[in-house]
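The next block holds one structure in the form of structure tokens; read it before the comments.
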Number of protein chains: 2
Amino acid sequence: MKELLRTKGYKATPQRELIFECFLAAGRHITVDELYQKVRLKDSSVGHSTVWRNLKLICKLGLAEEVNLGDGLTRYDRITPEPHGHLYCLECKKLVEFDMAKLLPALNETAQGSRFQPVGFKIEIQGYCDSCGERLGVTGENSYNGSGTKNVGKKERGKNDDLS
Amino acid sequence: MKELLRTKGYKATPQRELIFECFLAAGRHITVDELYQKVRLKDSSVGHSTVWRNLKLICKLGLAEEVNLGDGLTRYDRITPEPHGHLYCLECKKLVEFDMAKLLPALNETAQGSRFQPVGFKIEIQGYCDSCGERLGVTGENSYNGSGTKNVGKKERGKNDDLS
DNA sequence: TTGCAAATGAATGTCGTTTTCATTTGGGCA
DNA sequence: TGCCCAAATGAAAACGACATTCATTTGCAA
């Protein structure tokens, strides 16, 4: 790690090494705050912005990529040998990975005007996993709903004061 | 529109009717602010939060869905007869749609543990369109980059003060 | 050892989303 | 038609995650 950093012209500070170490140890789909918490367990003096900046650096060095699941949080996912996409269950929040290569032929066939190769791009899918789909009655027989969000039910006030 | 609203138990206010009208007139992948601007052209007294709330209501009524392209902006897309996904070019920001049904067989084949039907889910893909892919040399021969972001080059200060 | 660019950490800024709340209003009903 | 009240509105503020600023510290090459 020290070597990689210095080779690329970055200083190997103790904070940086700790952050890299923590990320590589537990770094699948981790958020900034999750990593921040892990780092703080080992050195409570490390700042939030330092974790954030080094997570960006990890991406810049090609060790990870940002993943956007559509829930407003940026996740950082270690780069894997085989490019993969993410299936994100809107119900149980489970994250499933799929092999990118298997999807590409069909993708490029249906997408006129665009050409997707397993280089530098991402596929994020939001839907329902097997068990949740079953439970929710998502069978493919229904008409397309599309909203992709469920109403969970919160407090009541004016009818339009809470659109869940 | 008046009827739909009243049937569902919502009041048909002039603001609401205007917002619905403006959305349906121009509503492919529109942001809250874009719609807000359009609405203001016809009635400059309508508030931002009213537009936001009614956009949510439009989704709740099944007329539109939220789309998250990963650029930090929520877009609202009218529901179409055939479910479709989005290909978002990271370079030229072009948005291409593709037929969801054509992708499903391949998707379900590669995604064990999840079962995706054209009901209530979304596929968002970030990558490069034909022309940008060409220009950037994204040929599929390169190794997987994954970061999905390009360095555009801004001002310089401390090396780590700007991670582009 | 020293000099200085890079890195850090606390604080602050930014920006889109969401909520609060006082006020207004649609529309059911007498 | 007028009344009533829950629903809707609009201005402002709260919120939350991401991003930047800047004074200070520090790694490390010479």
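In what follows, every chain begins at residue 1, and chains take the letters A, B, ... in the order their sequences are listed. Please read all numbers here as calculations on a predicted model, not as lab measurements.
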### Task
Quickly work out the Leu57(B) CG to dA8(D) C1' distance and round it to whole Å.
11 Å

### Query
Looking across every strand, which nucleic acid part, if any, lies under 4.0 Å from Thr13(A) by heavy atom: base, sugar-phosphate, or nothing?
sugar-phosphate

### Query
Expressed in angstrom and rounded to an integer, what is the separation of Gln15(A) atom CD from dT8(C) atom P?
5 Å

Per-pair distances, 0.1 Å, donor-acceptor, side chain in residues 18-26 of chain A, under 3.5 Å, sequence neighbours excluded:
none

#### Entry: Straight-line distance of Thr50(A) OG1 to Asp43(A) CG, nearest 0.5 Å
10.0 Å

#### Entry: Donor-acceptor pair, side chain of Thr13(B) and main chain of Arg16(B), under 3.5 angstrom
yes

### Task
Please state whether the base of dG9(C) and the side chain of Ser49(A) form at least one donor-acceptor pair under 3.5 Å?
yes

### Query
Where does DNA chain D form stems of at least three consecutive Watson-Crick or G-U wobble pairs, each pair having both distances below 3.5 Å?
C:1-30 with D:1-30

### Query
Roughly, in whole Å, what's the span from CZ in Arg6(B) to P in dG26(C)?
10 Å

### Task
Look at all strands and tell whether Thr31(B) reaches a base, only sugar-phosphate, or nothing, counting heavy atoms closer than 4.0 Å.
nothing

### Task
Taking the side chain as every heavy atom from C-beta outward, state whether Ile30(B) and Lys38(B) have any pair of such atoms under 4.5 Å apart.
yes

### Atom-to-atom span, NE2 of His48(A) to P of dG16(D) - whole angstrom
13 Å

### Message
Heavy atoms from C-beta onward define the side chain here; which of dA19(D), dT25(C), dA5(C) lies closest to that of Lys56(A)?
### Response
dA19(D)

### Summary
In whole angstroms, the gap separating P of dT14(C) from CG of Asp71(B) amounts to 21 Å

### Task
Establish, from distance only, whether the side-chain atoms of Asp33(B) and Thr31(B) form a donor-acceptor pair under 3.5 Å.
no

### Message
Pairing donors with acceptors under 3.5 angstrom, does anything connect the side chains of His29(A) and Glu34(A)?
### Response
no

### Query
Where each residue is assigned the nucleotide of DNA chain C containing its nearest heavy atom, which of Pro14(B) and Asp33(B) is assigned the position nearer the 5′ end?
Asp33(B)

### Between Arg6(B) and Tyr10(B): side-chain donor-acceptor atoms closer than 3.5 Å
no

### Query
Does a side-chain N or O from Asn54(A) land closer than 4.0 Å to OP1 or OP2 of dA7(C), or not?
no

### Query
With no angle test and no hydrogens, is the base of dG9(C) tied to the side chain of Arg53(A) by a donor-acceptor pair under 3.5 Å?
yes

### Query
Quick one: Trp52(B) CH2 to dT9(D) C1', roughly how many Å, whole number?
14 Å

### Summary
From CZ of Arg16(B) across to P of dA8(D) the rounded distance in Å is 4 Å

#### Entry: Short side-chain N/O contact to dT17(C) OP1/OP2 from Thr74(B), under 4.0 Å
yes

### Task
Quickly work out the Arg75(A) CZ to dC18(D) C1' distance and round it to whole Å.
15 Å

